[in-house]
Amino acid sequence: KKNTLTKLTATFTSAGPANTGNITFYYNGKPINRCNNILSSAGTLDCNWKPITHGQTYVNATYAPSDTNNYASSTSNVFNVTTSKRTTSR
């Protein structure tokens, strides 16, 4: 059975009270539609995603805190994934 990537999850932590901020997921270096600049304050954020191309790709995410005086922006590691055509009919 092949692994299928259909949902991206960003988890961020802070030392202190939960900090709000915006998360953007990237696909091959470009922001993913509907997963771009999403406000989050719960520490995690899920985003459903349907790849538009097939083959070897990479995904990552950025976090931009609302409180830039006390928190720093960050960028996730890059994750290499392989996407393929669906195997079932719609």
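The shown structure was predicted, so the numbers you read here are calculated from the model rather than taken from an experiment.
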- Item | Asn36 side chain to Pro31 backbone, donor-acceptor under 3.5 Å |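 No, because the side chain of Asn36 does not come within donor-acceptor range (under 3.5 Å) of the backbone of Pro31.
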- Distance-only, no hydrogens or angles: does the Ser76 side chain make a donor-acceptor pair with backbone N or O of Ala61 under 3.5 Å?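 Answer holds: yes.
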- Task: Would you indicate whether the side-chain heavy atoms of Tyr58 and Val81 approach each other to under 4.5 Å?
- Result: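 No, too far: nothing below the 4.5 Å cut-off.
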What residues form a side chain to side chain donor-acceptor pair (under 3.5 Å) with [X], not counting sequence neighbours?
{"X": "Asn70", "answer": "Asp67"}
{"X": "Ser66", "answer": "Thr20"}
{"X": "Asn33", "answer": "none"}
{"X": "Asn37", "answer": "Asn22"}

- Nearest 0.5 Å please: distance from the CD1 atom of Ile32 over to the OH atom of Tyr27.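 Atom-to-atom, Ile32:CD1 and Tyr27:OH are 8.5 Å apart.
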- Could you tell me which residues satisfy side-chain contact (heavy atoms from CB on, under 4.5 Å) with Ser74, sequence neighbours excluded, listed by chain and number?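 Result, side-chain contact (heavy atoms from CB on, under 4.5 Å) vs Ser74: Tyr63.
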- List in chain and number order the residues that pass side-chain contact (heavy atoms from CB on, under 4.5 Å) with Thr62, two or more places apart in sequence or in another chain; answer none if no residue qualifies.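 Partners of Thr62 under the side-chain contact (heavy atoms from CB on, under 4.5 Å) test: Thr24, Tyr26, Thr75.
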